[in-house]
Participant: 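Below is the structure I would like to discuss, written out as structure tokens.
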Amino acid sequence: MDKYEVPAVSLSTCTHENVSSLTIGAPEHQLFHACSISKMMTALLVVKLEQCGELDLDVHVVRDCTLRQLLVHQTGIQDIPGLDSSMPFSDQSLQHTESRTFVYADSNYCLIQQYLENRFRRPFWQLVESYIFDEYEMSSSRYPIRQDSDLVYGTFVDGEQGQVPLPDPSFHAAEGLWTTAADLGQMTAQLMGRDEELFIQMYTPLPSAPWAGLGIFIEGDVVNSLGWGETFQGMVVLDRKTKVSAIVLTNHNSGRHQREGFIGDVVDYLLKRRGDLC
């Protein structure tokens, strides 16, 4: 960790039967900002709601787009330059093209959140709590609206620690989750076990973008979810072949892709351990 100047890390590795976790450099109860790993949680919520008969992923719901298209970023919607997630999201200022090719955009998930909240008349965080946190016993996960002592301080690229504004509640589906690797391990264990049908749906892409699943990215047998903010980086990796997952959350922005450096090295190590941190 000293080599990479990472102050704190939350680690987890699991199979469908066992979850092993460890936190270094921070108290066990403190939460890390998952950043865009939040999108994986949102996608899981949507497929769970479909499984319950509450949603249809292939019906047009927003701007002539389906939930499936929004989840895989194939809507033609682009984030406006300088989009500030600490301010309320407005769909009046979206950039939109006629093409439905892949363009990664937080706005897609903000639109999903708006649709879900209007459809179910409940805040997004309550839906996640009811359908995911409670069911998977993820007691150390939430969508905070203000800083508190349970949140780990982040670290900027220059090494300075500090707090940045939390995402506005309207961005919770895109990047609002704070959690631990242990909790995410609980989720991935279920996706590789009893809820494998949901996982199969999440990693089944549209033909036009075979690398993009629902809230995740696909590289052969490996599924990734990446989080990258001003002061945090993280990564969730699930190997569909071996049914082993590895989760690494750090309070450090390395300025490099997660695969290049500390997070990538640790993920590779954890996957080789096949579900055992001991």
Participant: Does I263 reach the side chain of V266, with side-chain heavy atoms less than 4.5 Å apart?
Facilitator: no
Participant: Examine distances only and state if a side-chain atom of R100 and a backbone atom of T75 form a donor-acceptor pair shorter than 3.5 Å.
Facilitator: yes
Participant: Side chain to side chain contact (heavy atoms under 4.5 Å, CB included) between S225 and F217: does it pass, once the steps are laid out?
Facilitator: CA-CA 6 Å; S225 179; F217 294 99; over 6 Å; no
Participant: Determine yes or no for a side-chain-to-main-chain donor-acceptor pair under 3.5 angstrom, with Q190 supplying the side chain and M187 the backbone.
Facilitator: no
Participant: Under the criterion side chain to side chain contact (heavy atoms under 4.5 Å, CB included), which of L31, L11, V236, L184 is the partner of L249?
Facilitator: L184
Participant: Would L44 and L191 satisfy side chain to side chain contact (heavy atoms under 4.5 Å, CB included), going step by step from the backbone distance to the final call?
Facilitator: CA-CA 9 Å; L44 176 57; L191 289 177; 3.7 Å; yes
Participant: Rounded to the nearest 0.5 Å, how far apart are CE of M235 and SG of C35?
Facilitator: 14.0 Å
Participant: If you define the side chain from C-beta out and look only at heavy atoms, does anything of Q74 sit under 4.5 Å from S208?
Facilitator: yes
Participant: Counting heavy atoms not belonging to Q163, are there more than 12 under 6.0 Å from its CD?
Facilitator: yes
Participant: Have a look at L45 and tell me which of I112, L55, I132 forms a side chain to side chain contact (heavy atoms under 4.5 Å, CB included) with it.
Facilitator: I132
Participant: Report whether W228 and V164 are members of the same hydrophobic cluster (ILVMFWY, side-chain heavy atoms less than 4.5 Å apart, transitive linking).
Facilitator: no
Participant: Can you list the steps and then say if K39 with D106 is a side chain to side chain contact (heavy atoms under 4.5 Å, CB included)?
Facilitator: CA-CA 9 Å; K39 294 179 176 68; D106 280 353; 2.6 Å; yes
Participant: Roughly how far apart are E28 CD and S21 OG, rounded to 0.5 Å?
Facilitator: 6.5 Å
Participant: Testing the basics here: between P205 and P210, what is the closest heavy-atom pair and its distance to 0.1 Å?
Facilitator: CG-O, 3.6 Å
Participant: Keeping the roles fixed (side chain from S10, backbone from A181), state whether a donor-acceptor pair exists under 3.5 Å.
Facilitator: yes
Participant: Answer yes or no: is there a donor N or O on one side and an acceptor on the other, between the side chain of Q233 and the main chain of R256, under 3.5 Å?
Facilitator: yes
Participant: Is there a side-chain contact between F124 and T42 in this structure, where contact means two heavy atoms from C-beta onward sitting under 4.5 Å apart?
Facilitator: yes
Participant: Applying the 4.5 Å side-chain criterion to the ILVMFWY set and letting contacts propagate, would L127 and W125 be lumped into a single cluster?
Facilitator: yes
Participant: Would you say that E129 contacts D134 through its side chain, given a criterion of any heavy-atom pair below 4.5 Å between the two side chains?
Facilitator: yes
Participant: If you draw a 6.0 Å radius around CD in Q147, do more than 12 non-hydrogen atoms from other residues or ligands fall strictly inside?
Facilitator: yes
Participant: Start with the C-alpha distance between Q30 and V152, add both sets of side-chain angles, then the distance that settles side chain to side chain contact (heavy atoms under 4.5 Å, CB included), and finish with yes or no.
Facilitator: CA-CA 6 Å; Q30 285 195 321; V152 175; 3.5 Å; yes
Participant: Would you please indicate if the ring centroids of W178 and F232 are separated by under 6.0 Å?
Facilitator: yes
Participant: Heavy-atom count around Y115 OH within 6.0 Å, excluding the residue itself: above 12?
Facilitator: yes
Participant: About how many Å separate NE2 of H252 and CD of Q161, when rounded to the nearest 0.5 Å?
Facilitator: 10.0 Å
Participant: What are the two closest non-hydrogen atoms of Y104 and S36, and how far apart are they?
Facilitator: OH-OG, 3.1 Å
Participant: Consider only side-chain heavy atoms of I, L, V, M, F, W and Y, link residues closer than 4.5 Å, and tell whether V103 and L111 are in one cluster.
Facilitator: no
Participant: Is R142 close enough and on-axis enough to F133, meaning under 6.0 Å and within 45°, for cation-pi?
Facilitator: no
Participant: Can we say R259 and E219 salt-bridge, meaning some charged N sits less than 4.0 Å from an Asp/Glu carboxylate O?
Facilitator: no
Participant: After noting the C-alpha distance and the side-chain angles of E54 and R119, does the key distance pass the salt bridge (Lys or Arg N to Asp or Glu O under 4.0 Å) rule?
Facilitator: CA-CA 10 Å; E54 300 286 349; R119 170 75 181 269; 5.0 Å; no
Participant: Any chance you could measure K243, atom NZ, to F199, atom CZ, to the nearest 0.5 Å?
Facilitator: 9.5 Å
Participant: Within a reach of under 6.0 Å around CZ of R146, are more than 12 heavy atoms found that belong to other residues, nucleotides or ligands?
Facilitator: no
Participant: So does A173 get a backbone contact from the side chain of Q113, meaning a donor-acceptor N/O pair under 3.5 Å?
Facilitator: yes
Participant: With a 4.5 Å cut-off on side-chain heavy-atom distances among I, L, V, M, F, W and Y, is there a chain of contacts connecting M40 to L198?
Facilitator: yes
Participant: Less than 4.5 Å apart, any side-chain heavy atom of N108 and any of Q69?
Facilitator: no
Participant: Which heavy atom of T23 sits nearest a heavy atom of P27, and at what distance?
Facilitator: CG2-O, 4.2 Å
Participant: Once rounded to the nearest 0.5 Å, what's the spacing between atom CZ of R68 and atom CG of D58?
Facilitator: 4.0 Å
Participant: Tell me if the aromatic rings of Y109 and H73 count as close, with their centers under 6.0 Å from one another.
Facilitator: yes
Participant: Counting N and O atoms only, with roles assigned by atom type, does the side chain of T155 sit under 3.5 Å from a partner on the main chain of N251, one being a donor and the other an acceptor?
Facilitator: yes
Participant: Has S85 got a side-chain atom pairing as donor or acceptor with F171's backbone, closer than 3.5 angstrom?
Facilitator: no
Participant: Ignoring hydrogens and geometry, is there a side-chain-to-backbone donor-acceptor pair from S38 to L177 under 3.5 Å?
Facilitator: yes
Participant: Report yes if the side chains of L94 and R63 come closer than 4.5 Å at any heavy-atom pair, otherwise no.
Facilitator: yes
Participant: May I ask you to test the V248-V9 pair for a side-chain heavy-atom distance under 4.5 Å?
Facilitator: yes
Participant: Verify, without hydrogens or angle tests, whether T13 (side chain) and S245 (backbone) share a donor-acceptor contact under 3.5 angstrom.
Facilitator: yes
Participant: Using only heavy-atom distances, determine whether the side chains of Q201 and E50 contain a donor-acceptor pair under 3.5 Å.
Facilitator: yes
Participant: Side chain to side chain donor-acceptor pair (under 3.5 Å) for D183 and Y136? Distances and angles first, verdict last.
Facilitator: CA-CA 8 Å; D183 266 22; Y136 293 166; over 6 Å; no
Participant: Does the side chain of M41 come within less than 4.5 Å of V128's, by heavy atoms?
Facilitator: yes
Participant: Which heavy atom of A105 sits nearest to which heavy atom of I77, and what is that distance?
Facilitator: CB-O, 3.7 Å
Participant: Provide the closest heavy-atom pair for A8 versus A26 in the form atom of the first, atom of the second, distance.
Facilitator: CB-CB, 4.0 Å
Participant: What are the two closest heavy atoms between V61 and T66, and how far apart are they?
Facilitator: CG2-C, 4.3 Å
Participant: Just how far is it from atom CZ of R122 to atom CG of L116, taken to the nearest 0.5 Å?
Facilitator: 11.0 Å
Participant: Ignoring hydrogens and angles, tell me if any N or O in the side chain of H33 forms a donor-acceptor pair with the backbone of E175 under 3.5 Å.
Facilitator: yes
Participant: Following the transitive rule for hydrophobic clusters with a side-chain heavy-atom cut-off under 4.5 Å over Ile, Leu, Val, Met, Phe, Trp and Tyr, establish whether I218 and I247 coincide in one cluster.
Facilitator: yes
